[in-house]
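Chain naming here is simple, since letters A, B, ... match the order of the sequence lines and numbering starts at 1 in each. Scope of the values below: all heavy atoms of this structure, side chains included, with no hydrogens, waters or symmetry mates. Computed from a predicted structure; not experimentally measured.
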2 protein chains.
Amino acid sequence: MFGRGARIDAVDELDRAILRELQSDARRTNRDVAAAVGVSPSTALERTRALRRRGVIRGALLDVDLGAMGRPVQALVSVRIRPPSRAVIEEFRDWAQGLPETLGVFVTTGTADFVLHVAVPDNDRLYAFVIDRLTQHTAVADVRTSVVFEHLRTTRVDPVAQD
Amino acid sequence: MFGRGARIDAVDELDRAILRELQSDARRTNRDVAAAVGVSPSTALERTRALRRRGVIRGALLDVDLGAMGRPVQALVSVRIRPPSRAVIEEFRDWAQGLPETLGVFVTTGTADFVLHVAVPDNDRLYAFVIDRLTQHTAVADVRTSVVFEHLRTTRVDPVAQD
DNA sequence: GGTGAAACACGTCCGAG
DNA sequence: CTCGGACGTGTTTCACC
């Protein structure tokens, strides 16, 4: 599930400031971050480690250019599966997650049980992914594909006060 | 658009290996990466810099726990806008991208012009986002909301041969 | 908690192959 | 293109506040 990080012992102003800095670039040096938020490097280091220990920071992801990786075509593929039982959902989820075309898997409510975010080299491969790969899974009952012209990601999540 | 990184001068085996290592953790030290792929630190450093210069590596994103940030409820919100002209699309895209609830914006084909990936503290705030915030924008013609139970991201994009 | 200083590790540059 | 080594910067620990 979300990994809702258990009950968190409040993220204070200093933590928020550190998170802001690291969200702008996860490779900022600890010295930089410390200077930007106005504390000593040792303090910034201890806070950052604590955020990691508490699970607020889960890691640092490399942001790669999908076009440069030879996969300029993105799509959102809505999938309905049958039956939508736990066993089938979890099996399909893990299977879809492991496909090389897959960037992400959303497990959803609504008309679709899953929305797959995929990136492929061209339209032919997108079509092949949908009609060959997906339909080869016996649980797939329905598929709707939307091509993604553009995908913007927010690089800044502001913490909201707990409870 | 995608930022398809101009024509790339082929990502060779060493580049691929470096990308694999960094995708597992964007904060791996250069020395670590060098040891893992079997070259000297100076070679690994030069390769990594070249990947950055060529736009293959765009940066490093902090992976935060949305639950720990006080925003455990995620949704995909499909939005149809009217008229779907360039000016209106770009204006809506930038507006949506700037909302604090927004994690990402997909510009798509199909029944929806946009799919917004959002994270909020609870269901009430999700409802408020849809019926207060979104409908306040005059271009919004239709909205469909799917709650996201789970979102898995792939942390590994394999490069595909170019052309 | 927060801090500065010292010990250590790392990123970086460069001359050479 | 790759390498090793020298040098400056960053990280980490720890005794003190």
inquiry  = In terms of relative ring orientation, are B:H151 and B:H117 parallel, tilted or perpendicular, with 30° and 60° separating the classes?
reply    =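 Perpendicular: the ring planes of B:H151 and B:H117 meet at over 60°.
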message = What's B:T29 touching, base or sugar-phosphate or nothing? Going by heavy atoms closer than 4.0 Å.
response =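 Touches sugar-phosphate only.
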inquiry  = Please classify the nucleic acid contact of B:R28 as base, sugar-phosphate, or nothing, using heavy-atom distances under 4.0 Å.
reply    =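 Result for B:R28 = nothing.
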task = Would you mind reading off the distance between A:L22 atom CG and D:dG10 atom C1', rounded to a whole angstrom?
result =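 That distance rounds to 15 Å.
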message = How many whole angstroms separate atom CZ of B:R31 from atom C1' of C:dA9?
response =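 Answer to the nearest Å: 7 Å.
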Distance check: side-chain N/O of [X] vs OP1/OP2 of [N], anything under 4.0 Å?
X: A:R49; N: D:dT13; answer: yes
X: A:S40; N: C:dT3; answer: yes
X: B:T43; N: D:dC3; answer: yes

query = Among D:dC1, C:dT12, C:dG2, which nucleotide sits nearest the side chain of B:N30?
reply =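 From the listed options, C:dT12 comes nearest.
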Earlier contact from the 5' end, DNA chain C, for A:R27 and A:V39 =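 Going by which nucleotide is closer to the 5' end, it is A:V39.
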Closest approach of B:A68 to A:V11 (non-hydrogen atoms, all atoms of both residues) =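 The answer is O-CG2, 4.5 Å.
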key: Residues, nucleotides or ligands: over 12 heavy atoms within 6.0 Å of B:R16 CZ   =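 More than 12 heavy atoms, drawn from other residues, nucleotides or ligands, come within 6.0 Å of this atom.
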